[in-house]
Amino acid sequence: MFNETFGCMVFNENVMKAHLRDATYTKMMKIRKEGMPMDPEIADEVAEAMKEWAVEKGATHYTHWFQPMTGITAEKHTSFLERGRDGEPILSFSGKALIKGESDASSFPSGGIRATFEARGFTVWDPTSDAFIKENTLCIPTAFCSFNGAVLDKKTPLLRSIEALNRQALRVLDILGEHPNYVYPTAGLEQEYFLINKSDYAKRTDLILTGRTLFGTVTPKGQILADHYTGSIRPRVKKFMEDLDEELWQLGVYSQTEHNEAAPCQHEMAPIYARVNIAIDNNQITMETMKKVADRHGFVCLLHEKPFAGINGSGKHNNWSLSTDGGDNIFHPGRHPETNDRFLLFLAAVVRAVDDYQDLLRISVASAGNDHRLGGNEAPPAIISMYLGNRLTVLVDALIHGTDPAQALSDAVASVGRLPHGERGGDDRNRTSPFAFTGNRFEFRMPGSSENVSCTNYILNTIVAESLRVYADRLAPFAGRRDLHDELMKLVTEELKAHERIFFDGNGYGSAWMAEAKERGLCNFRSTPEAFIHYDDAKNVELFRTHGILSVEEIEARKNIGLTEYSKIVNIEANTMLLITDKEIIPAAIRAGSEMARGIESKSALGLNVDHERKILNRINEHVRALCLNNEKIADSASIRIEDPEQAGMHTYRNTIPLMEEERRLVDELEVMIDKKYWPYPDYTDLLYYV
Ligand code: ADP
Ligand code: MG
């Protein structure tokens, strides 16, 4: 079954082989695998083959599919239709149109990098990622830049970082006497999401306008019984999952596991890992497909990081590793990691990277949505730390303290029982850790569910490339010498010692960790603006410059976009709160109050005791009054215009957010006091416990 439909909508290597001449196919493979520059000579042939294949599949249009700084993918459809020499309609698609497209860039965020008079932007084909057909349109993955070449998208720095990492990894491997053709990062992106009923969604202005519930109280059940996690799947949801898999498989996405997650209505899809740029393209396709398929099944798919207060939010675990072109996973520790020089050196490189660039990793996951999740005792805290699993922790401890690692490992095995090496301890889990080694890869658990994780991965790739650059410089004089091993072990030990503060295997959710992390000098940026402010710190600018990833102007642009987006999102939420309270909540409370008042009047006329009802009515009244006053404050705070993105972001965080929290408290208390028949929209019980 898979053979017939899997990837049937993808212009993949098999299709290329069948549709291109041998020489062209070989060239394409070199371009894709080894990062060779695109050869314009073959572009026409590839374009023609793509068009023929796509038209046969029913496609009528093509689009350059790109990832602007909005995080969602963008497309502008053009049909293959051209007027022939004699005025007859023909289908045409040239190499030029494949390689380069022109797009009006003026409506995409540029962070001030593109002067407004220069609105033109270019999309440039990324031949390393497969083109695919989506609803009669051939989608060509592209990078997006401004007329003068400044980077305006999420893909370009990612592709550059893959190159930078390859460059430095090859230098290090060369010193170790290994000579693969190239090294590439892999990623497996676990996608969490919620499914709720479309009919409920339609009644909630907050979900429609902001993607999350701005009001609502946890039901008494919440997720207390933990009966949803990997529990049996609702039949309707099961059908959705089957349909989703089918569509994803056609698009060449290796969707592998589907299961229920911890919160009610929460689910997860995990694909088989792939090269990081492909994995990210596939993840963008996955998110889009989830929304589309959900609609067909009467659901709405919520990808927001925190759609509901009081129950878990959604993340996107970023499993990351490095592989050689031979498919050899560099982070596979093997039976004896203590004597595996390559593994130890690359492990140290990641440790150094994570410690030195905690700020960048934190920035890479910063968003208004994710602020609700990080540190909320359900996802990692906002502090970056690393957990290596029992086995490697024992090994690293031994190296740091100068004891015999082999002995320490065998003592540890003896103490946990008679299981052979590798079957135990290597990938045990500390679910509270933001950055964990899980057997043969690192799992970064901070990214939010809706994110385009290009940013996370270009940062991850670049910071590890930087460690490797330093190591290659240091070890180069020892290449081919007998004392290389000793020098390498000296370096690894020094590095692990120098970065010991980043290791943490305790409870990352506990308040004790906050205090300890502070003592260790680790960063703790609670909010998006506090994180983004550090994007252009001197050391970060230097890092991106050294590896040719981004210029200082491009980094500043990204910082401004991140900060501005944060303020915009929060302001939209604040204004939505005003809309809902003014038009729905306050009128409902007044209606309910009037009915109560009439009841109290007629009951007291009969001489009945109405003290309790009076009390409730009074509280409702007080809440309405408080809401009206708070609304004025929110309106003031959200309407203040501050030019400087840093100051605007901090204003939003310090002033608007606390007012919104107060607003939510008032409305959520009202919800409990008011007769359900007056409540204007479905509550959490309706939303989360449908059948
Ligand atoms: P979890 O226990 O975290 O839920 P899953 O099995 O759901 O784990 O997901 C693990 C993910 O890690 C999958 O997407 C898998 O393909 C991915 N993965 C496995 N090996 C690698 C690797 N070498 N590089 C990157 N990702 C990997
Ligand atoms: Mg996971």
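Position 1 is the first residue of the sequence, and the numbers go up from there. Bear in mind that the values here come from a model prediction, so they are computed numbers and not experimental data. Start at 1 and go down the list; that is how both ligands and their atoms are numbered.
When heavy-atom distances to ligand 1 are checked against a 4.0 Å cut-off, Asn319 comes that close through both its backbone and its side chain. Residue contacts with ligand 1, taken as heavy atom pairs separated by less than 4.0 Å, do not involve Gln256 at all.
For ligand 1, none of its N or O atoms has an N or O atom of Ala187 under 3.5 Å away. For the pair Trp320 and ligand 1, the shortest N or O to N or O distance does not fall below 3.5 Å. Checking only distances, Tyr273 does come within under 3.5 Å of ligand 1, N or O to N or O. Note: no N/O pair closer than 3.5 Å links Thr257 and ligand 1 by distance alone.
With respect to Asp325 and Lys33, no salt bridge is recorded, no charged nitrogen being found less than 4.0 Å from a carboxylate O. Salt bridge Glu13/Arg32: present, at least one basic N to carboxylate O contact under 4.0 Å.
When each atom of ligand 1 is checked for a heavy atom of Ile272 under 4.0 Å away, the hits are 16 (O). Close contacts of ligand 1 with Glu443, meaning ligand atoms under 4.0 Å from a residue heavy atom, involve 3 (O). Listed by number with element, the atoms of ligand 1 under 4.0 Å from a non-hydrogen atom of Glu268 are 7 (O). For ligand 1, the atoms sitting less than 4.0 Å from at least one non-hydrogen atom of Asn329 are 23 (N), numbered in the order shown with element in parentheses.
Separation of the Phe6 and Tyr254 ring centroids falls under the 6.0 Å cut-off.
Residue Phe504 forms a ring pair (Phe, Tyr, Trp, His ring centres under 6.0 Å) with just one option from Trp513, Phe435, Tyr387, and that option is Trp513.
Of the candidates Gln191, Arg275, Arg441, Arg441 brings a heavy atom nearest to atom 10 (C) of ligand 1.
Here Thr213 contributes atom OG1 and Leu687 contributes atom CG; the two are 7.5 Å apart, rounded to the nearest 0.5 Å. The CZ atom of Arg362 sits 8.5 Å away from atom CZ of Phe525, with the distance rounded to the nearest 0.5 Å.
A tilted orientation is assigned to the rings of His267 and Tyr193, their planes being inclined by 30° to 60°.
Taking the ring centre of Phe299 as origin, the terminal cationic atom of Arg236 falls inside the region bounded by 6.0 Å and 45° from the ring axis.
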